[in-house]
Every structure is written in C-alpha cells, then in structure tokens.
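This report refers to the structure that appears directly beneath it.
In the text below, chain A, chain B and the rest are named by the order of the sequence lines, each starting its count at 1. The structure presented is a predicted model; accordingly, all values stated were derived computationally and were not measured.
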Amino acid sequence: KQEVTQIPAALSVPEGENLVLNCSFTDSAIYNLQWFRQDPGKGLTSLLLIQSSQREQTSGRLNASLDKSSGRSTLYIAASQPGDSATYLCAVDRGSTLGRLYFGRGTQLTVWP
Amino acid sequence: NAGVTQTPKFRVLKTGQSMTLLCAQDMNHEYMYWYRQDPGMGLRLIHYSVGEGTTAKGEVPDGYNVSRLKKQNFLLGLESAAPSQTSVYFCASSHLDRVGSTYEQYFGPGTRLTVT
C-alpha cells in the first residue's frame, strides 16, 4: 500500500521567507504526483502536477521537485506572503487505478506579516 | 464554466437516516471520484467511476453506494447514516489529456456532513 507522509505537519514563518515543504512516499512506482492547496472550509486547488518522467515543475513562486528513486518530493515557495497561508497536500497516483490518488495529511502553513 | 459543484454544502442527519450527495461537473470529464476527509486522516477514496454507468470501490466503501447515470453527475448515497460517517465529503473529476498520460484532478468545494 502506498503511504504518503508530509513533514512538517505545521509551519509558521514571517512574510518574505523562502520555505520548503516535504513529501515522501513508500512506493516509488508512481504515475504522477500532485501538490494541492486547501483553504479553511474550502475544496482543494491543484497547484502543480509532476509526471513520473519529470524532475520538476514551476508555477510563479512555486517550484515542485520529484525524486522517484528516493521517494521524495519538495514544494518550494519563494518570498512567502500572508496569502500563502493554507494547508498544502501532496498526493501520488500509482496508476493502478485510473487517477486514484493517495494523499498525505498535509502541512498547515501560516505566513505572518 | 462552473467546474465541479456539490450539493448540499452542509447537512445534519440523525443516525439511521438516508441521504444523497450530488456532484456535477461541466468539463466533460470521464473520471469522477468521491473522497472523505477526516481530521488527522487525510483524504480517502470512497468510490470512483471511470465512465457513465460504471462505478468501483475505493479504500473505504462500506456504508456508501454510488451511481453514475449521466456522465456529468456522480451521486453518493448513505442508506443508513452512522456517526462514523461524520466527515467532509469531496467530489473530484479528471480527464485524460491529449498526450494520454495525465489525470489532473479538479475538486468540488465539499459537503460538510454531521450525523448525530
């Protein structure tokens, strides 16, 4: 069974800091990996999707990397802002069931002014 | 283009009552999913569908039934609600892109269900 772990569970930083969120998974045979953002009481918004053949993806101040062999992904947020405060979820797709995602428990990020 | 919508947003049920949660998507996606999110547990897959008229069990299917009579709708039913089904329920949909290799999922806003 695929286990997905996210560290840290919570993170509080001052505005402007660059930060890294970590995701690890036990089965390296993944199809793709997605990073989501969830605001309190809201649904999930997809941030970045990395296919298994890719090493990284970038969108604005966000950069996600993938190292399949070590079972790790990191989400790098540059120049953090209070609006980045949310829970960030990592999910992997093993490909055995079309599109089925295995989620981590998330990292709750607070960026204070 | 509304994306993925869910009805209702909130609901309180008594133990033993039944209800149906409705998910609708207007993106012509083939695949649809129902997840539940519980504190400290992350999201877990309940049921999913890879096309109209087809459904399959996910990780935690017990106590739930689903139907996909129309491509754009995916219904989740609770026949006899139990307090353990208190949760936030999310519907998602995805498509096979032109390259035929990615399944980016789009989520609805969720339904918060409390069973007393």
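Contact of B:Gln37 with chain A is made through the side chain alone, with heavy-atom distances under 4.5 Å. Contact annotation for A:Gln6: neither backbone nor side-chain heavy atoms come within less than 4.5 Å of a heavy atom of chain B. No part of B:Arg44 comes within reach of chain A, as not one of its non-hydrogen atoms sits under 4.5 angstrom from that chain.
By the criterion of side-chain heavy atoms lying less than 4.5 angstrom apart, applied directly or through intervening Ile, Leu, Val, Met, Phe, Trp or Tyr residues, B:Met19 is not grouped with B:Leu75; the two fall into different hydrophobic clusters. Taken together through direct or relayed side-chain contacts under 4.5 Å among Ile, Leu, Val, Met, Phe, Trp and Tyr, B:Tyr31 and B:Leu21 form parts of separate hydrophobic clusters. Under the 4.5 Å side-chain heavy-atom criterion for ILVMFWY residues, a single connected hydrophobic cluster contains both B:Leu78 and B:Met32.
Residue-environment remark: CD (A:Gln57) exceeds the threshold of 12 foreign heavy atoms within 6.0 Å. Within a 6.0 Å sphere centred on CZ of A:Arg72, other residues, nucleotides and ligands contribute 12 heavy atoms or fewer. Under a cut-off of 6.0 angstrom, the local environment of CD in B:Glu79 is sparse, with at most 12 non-hydrogen atoms contributed by other residues, nucleotides or ligands.
Interatomic distance, A:Asp93 CG to B:Gln105 CD, rounded to the nearest 0.5 Å: 7.5 Å. The CG atom of B:Leu45 sits 8.5 Å away from atom CG of A:Leu101, with the distance rounded to the nearest 0.5 Å. The structure places CZ of B:Phe107 at 10.0 Å from OG1 of A:Thr45, a figure rounded to the nearest 0.5 Å. Rounded to the nearest 0.5 Å, atoms CZ (A:Phe36) and CG (B:Leu43) are 9.0 Å apart.
Side-chain contact between B:Phe90 and A:Gln38 is present, with at least one heavy-atom pair separated by less than 4.5 Å.
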